[in-house]
2 protein chains.
Amino acid sequence: MVTIKDVAKASGVSPSTVSRVIANNSRISEETKKKVRKAMKELGYHPNINARNLVAKSTKAIGVIMPSSADKALQNPFFPEILRGIGSVIHDVEYSMSLSTGETEEEIFSEVQRMVYGSYVDGVILLYSRINDKVTNFLREQDFPFVIVGKPSDFESEITHVDNDNFRAGKEITNHLIEMGHKRIGFIGGSRDLFVTRDREDGYEAALQEAGIEECDSYKIHTEFLKAGGSEAVEHLLSLQTPPTGLVVSDDLISLGMLSMLEKYGVRVPQDVSMVSFNNVYLSEITRPALTTVDINIYELGAQSAKALIEKAINKLEPAKRIIIPHRIVYRDSVSKEG
Amino acid sequence: MVTIKDVAKASGVSPSTVSRVIANNSRISEETKKKVRKAMKELGYHPNINARNLVAKSTKAIGVIMPSSADKALQNPFFPEILRGIGSVIHDVEYSMSLSTGETEEEIFSEVQRMVYGSYVDGVILLYSRINDKVTNFLREQDFPFVIVGKPSDFESEITHVDNDNFRAGKEITNHLIEMGHKRIGFIGGSRDLFVTRDREDGYEAALQEAGIEECDSYKIHTEFLKAGGSEAVEHLLSLQTPPTGLVVSDDLISLGMLSMLEKYGVRVPQDVSMVSFNNVYLSEITRPALTTVDINIYELGAQSAKALIEKAINKLEPAKRIIIPHRIVYRDSVSKEG
DNA sequence: CTGTTAGCGCTTTCAA
DNA sequence: TTGAAAGCGCTAACAG
């Protein structure tokens with residue numbers, strides 16, 4: 001390995017001068033800089049990151065924590081896309097990203113512990129948010145820089161988080177259905193433990209309420225990716241005297257499952273029932289029918305969370321506590337006029 | 001930050017003794033160990049990874065390089081799943097994974113350079129394989145430990161890679177179609193620049209040949225995720241005098257697009273045309289019809305590549321050059337008897 | 001503008 | 001079985 005000393009020797013200066021050239025210190029003459037840089041190039045010198053980190057007490061790395069990978073939800077294209085967003089900004093600041101994909105809550109926790117105790121990273125992005133989460137609590141206690149993508153379960157005004165306005169999105173997309181003449185509108189969501197689900201559902205309810213439409217509990221289903229249990233719930237929904245004519249589904253992936261199930265029962269979309277959902281992953285373009293969905297700008301969700309974290313961890317600034325990424329409705333073919 | 005010195009002071013021994021306790025050196029008395037460990041616990045000591053790495057000349061981290069994220073292909077659930085596989089084994093050996101998601105080839109290359117020059121990682125897993133790839137060449141030149149998931153474009157007998165037997169998989173799944181009575185079988189694949197596509201296609205061809213079925217060039221389409229261009233190709237395929245009755249599709253995601261397109265043209269699956277594909281991502285269960293597909297065991301692909309890399313980088317062993325992950329066909333509803 | 005010196009936190013000879 | 005001392009590669013006062 002070629003070190004700073006080798007470069008120093010080769011260019012006839014002291015190690016500290018070389019160090020200053022690396023840092024592009026302004027008090028070094030252009031001439032020396034040139035000379036040193038030449039030597040660096042010739043020797044193929046590259047700074048050793050560990051040595052640098054040791055003295056700088058920074059790692060130039062951030063940790064990204066995925067939700068429990070026991071869950072099929074991890075296969076949601078949401079994640080690659082958010083990683084892409086994070087990647088874009090950390091690339092610019094020459095940071096690297098350390099990814100944690102634990103199976104269980106315990107595993108995740110132990111990885112986070114390693115990250116912070118071992119000074120592996122300067123900060124952490126949490127790609128999930130759970131009620132009374134061990135990891136979140138730990139990070140808070142340690143006063144370690146972190147941001148959450150989504151809504152924190154507690155200390156919302158204290159923890160920096162990057163989120164959509166899911167309430168408003170839910171309201172708007174439901175309103176679209178209402179504007180199209182729908183009155184009997186159902187909601188299909190993932191687990192109510194997730195704030196995304198709740199917020200979107202609350203928005204849905206608010207829209208109904210404002211439109212003077214009465215809510216109906218049997219119009220609401222909560223299911224994980226429509227496996228076994230989901231099927232029965234849908235069956236029940238369809239067998240109602242007056243089944244809904246419109247469906248608000250909390251995630252494109254769930255929509256995919258719904259589409260499949262509805263076809264099984266001979267229900268056509270959008271002729272028999274209209275359907276809208278959220279995320280606008282590329283899949284929603286190639287379903288039949290293509291989905292009318294809320295584009296939540298996943299990439300930006302990732303990019304902004306990385307930006308906020310960097311502000312916090314590196315620049316020691318205090319970013320806004322709540323950063324909202326704008327959404328927009330993408331109109332496609334899964335909605336038809338009613339009545 | 002609490003350091004080894006603090007622990008030493010607190011437990012009345014020297015820093016080197018503490019270090020030995022951390023390494024669980026056998027020449028330290030149990031008594032001292034107990035004493036030191038107690039102090040570590042009380043003080044909340046955790047070794048600083050950078051300091052350790054600096055002397056150990058190892059980083060306990062591996063780099064994982066994604067394909068260009070400019071590509072929609074990144075949204076393939078294949079990736080989260082493979083990361084999960086990698087994560088499982090590196091968690092066990094207490095390694096961490098540094099993820100690189102570059103937009104362009106240049107960006108990816110510069111990130112890899114940083115990783116190896118800066119000693120960020122002990123080894124690298126390449127999640128893609130391209131002909132004449134800058135990154136691969138660089139890694140080879142530097143003699144840096146790396147493994148490829150998929151098939152290397154060159155030096156196949158030299159570069160450790162973890163792959164499926166895509167040729168055989170292609171042949172087997174095509175044979176399934178043949179056994180079901182199909183004679184006119186088409187192939188829909190992604191870019192031919194990818195070895196997966198080629199291998200699967202070669203297997204498809206071999207199956208036809210063995211069955212004495214003549215190949216037909218107009219039965220073959222290559223397309224990226226069936227966007228604009230793909231549509232015309234499919235239209236062409238369907239308008240043939242004798243359109244295929246069976247389709248071998250090289251990726252579940254492309255199948256999803258195909259399904260959508262076929263419906264548009266009023267072609268029913270499997271009644272009018274049968275369809276099989278590859279990967280068995282969870283999506284293939286919830287399409288209509290559910291796909292008969294080759295399960296390539298993505299998780300294992302990830303896990304084994306991590307294992308091989310660790311053998312190489314850490315244990316300095318020479319793993320097998322070609323590690324084949326077994327596949328199996330999952331029979332679902334997208335194939336029907338013909339004739 | 002540049003060199004000398006000390007030190008980041010840890011491991012590892014060498015000595016005792 | 002333990003301690004003292006040197007050094008990993010780099011940065012940052014301090015001094016000139």
Side-chain angles (χ1 to χ4, degrees), chain A residues 1-40 43-61 94 114-122 314, chain B residues 1-40 43-61 94 114-122 314:
Chain A
M1 169 165 251
V2 24
T3 78
I4 216 171
K5 282 186 190 164
D6 302 317
V7 178
K9 209 164 290 173
S11 46
V13 299
S14 78
S16 40
T17 301
V18 177
S19 176
R20 290 187 183 106
V21 173
I22 295 169
N24 202 12
N25 189 311
S26 57
R27 300 184 315 207
I28 299 288
S29 73
E30 277 308 319
E31 204 180 350
T32 337
K33 278 187 186 173
K34 217 165 283 172
K35 192 170 56 183
V36 171
R37 282 203 249 263
K38 184 158 157 281
M40 295 201 300
L43 298 179
Y45 169 79
H46 290 269
N48 179 306
I49 197 72
N50 279 311
R52 174 182 293 188
N53 288 347
L54 182 57
V55 14
K57 283 176 181 347
S58 145
T59 62
K60 302 235 315 157
E94 300 214 298
R114 263 191 347 123
M115 279 188 181
V116 346
Y117 283 145
S119 344
Y120 275 91
V121 297
D122 291 344
I314 293 81
Chain B
M1 165 166 254
V2 24
T3 78
I4 216 170
K5 282 186 191 163
D6 302 317
V7 179
K9 209 165 289 172
S11 45
V13 299
S14 77
S16 34
T17 301
V18 177
S19 175
R20 290 188 183 105
V21 173
I22 295 169
N24 202 13
N25 188 312
S26 57
R27 300 185 315 208
I28 299 287
S29 72
E30 277 309 319
E31 204 180 350
T32 333
K33 279 188 184 172
K34 216 165 283 174
K35 192 170 57 184
V36 172
R37 284 203 248 264
K38 182 157 159 282
M40 295 200 301
L43 298 180
Y45 168 79
H46 290 271
N48 179 307
I49 199 71
N50 279 311
R52 175 180 293 187
N53 288 346
L54 182 57
V55 13
K57 284 175 180 349
S58 145
T59 61
K60 300 231 323 152
E94 299 215 299
R114 264 191 346 124
M115 279 188 182
V116 345
Y117 283 145
S119 344
Y120 273 92
V121 295
D122 291 344
I314 293 80

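Sequence lines set the chain letters: A, B, ... in the order given, protein chains first and strands last, and positions in each chain run from 1. All values below come from the heavy atoms of this structure, side chains included, with hydrogens, waters and symmetry mates left out. Fair warning: this is a prediction, and the values are worked out from it, not measured in the lab.
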Rounded distance in Å - [atom1] ([X]) to [atom2] ([N]):
X       : N       : atom1 : atom2 : value
K9(A)   : dG3(C)  : NZ    : C1'   : 15 Å
I22(A)  : dT11(D) : CD1   : C1'   : 10 Å
Y117(A) : dG9(C)  : OH    : C1'   : 18 Å
M1(B)   : dC10(C) : CE    : C1'   : 11 Å
N48(B)  : dG9(C)  : CG    : P     : 7 Å
N25(A)  : dT11(D) : CG    : C1'   : 11 Å
R27(A)  : dC1(C)  : CZ    : P     : 10 Å
I28(B)  : dT12(C) : CD1   : C1'   : 13 Å

Which one, [options], comes nearest to the side chain of [X]?
X      : options                   : answer
A51(A) : dG9(C), dT1(D), dC10(D)   : dC10(D)
K57(A) : dG9(D), dC8(C), dC10(C)   : dC8(C)
R20(B) : dT2(D), dG3(C), dC10(D)   : dT2(D)
S14(B) : dC10(C), dA4(D), dC10(D)  : dA4(D)
Y45(A) : dC10(C), dT11(D), dC10(D) : dC10(D)

Base, sugar-phosphate, or nothing: which does [X] touch, judged by heavy atoms less than 4.0 Å apart?
X      : value
S19(B) : base
S16(A) : base
V18(B) : nothing

Checklist entry - Regarding K33(A) and N24(A), is there a side-chain donor-to-acceptor distance under 3.5 Å anywhere? => result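 K33(A) vs N24(A): donor-acceptor pair found between side chains.
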Next on the checklist: Less than 3.5 Å apart, any donor N or O on the side chain of S14(A) or T17(A) sitting next to an acceptor on the other?
Outcome noted: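 Per modelled atom types, S14(A) and T17(A) side chains form a pair under 3.5 Å.
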Checklist entry - At what angle, to 10 degrees, do the two end axes of the helix from dC1(C)-dG16(D) to dA16(C)-dT1(D) meet, given five pairs define each axis? => result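 Axis angle across the helix from dC1(C)-dG16(D) to dA16(C)-dT1(D), nearest 10°: 40°.
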Next on the checklist: Quiz question: going by heavy-atom distance under 3.5 Å, is there a donor-acceptor pair between the base of dT2(D) and the side chain of T32(B)?
Outcome noted: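 No, the side chain and the base share no sub-3.5 Å donor-acceptor pair.
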Using side-chain heavy atoms (C-beta onward) and a distance below 4.5 Å, is [X] in contact with [Y]?
X       : Y       : answer
S29(A)  : K34(A)  : no
M40(A)  : S11(A)  : no
V116(A) : V121(A) : no

Item to check | Sequence-distant partners of K9(A), salt bridge (Lys or Arg N to Asp or Glu O under 4.0 Å), two or more places apart | outcome: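 K9(A): no salt bridge (Lys or Arg N to Asp or Glu O under 4.0 Å) contacts found.
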Item to check | Residue closer to the 5' end of DNA chain C, T17(A) versus V55(B) (nearest nucleotide) | outcome: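 Nearest-nucleotide comparison on DNA chain C picks T17(A).
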Checklist entry - Would you say a side-chain N or O of K5(A) is under 4.0 Å from OP1 or OP2 of dC10(D)? => result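 No, no such contact exists.
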Checklist entry - Counting just side-chain N and O atoms, does R52(A) come under 4.0 Å of either OP1 or OP2 of dT11(D)? => result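 Answer is yes, contact under 4.0 Å.
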Checklist entry - How long is the span from the OH atom in Y120(A) to the NZ atom in K60(B), to the nearest 0.5 Å? => result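 Those atoms lie 6.0 Å apart.
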Next on the checklist: Assess the residue pair T3(A) and N48(A) against the criterion (side chain to side chain contact (heavy atoms under 4.5 Å, CB included)); give the C-alpha distance rounded to whole Å, side-chain angles, the decisive distance to 0.1 Å, and a yes or no.
Outcome noted: CA-CA 8 Å; T3(A) 78; N48(A) 179 306; over 6 Å; no
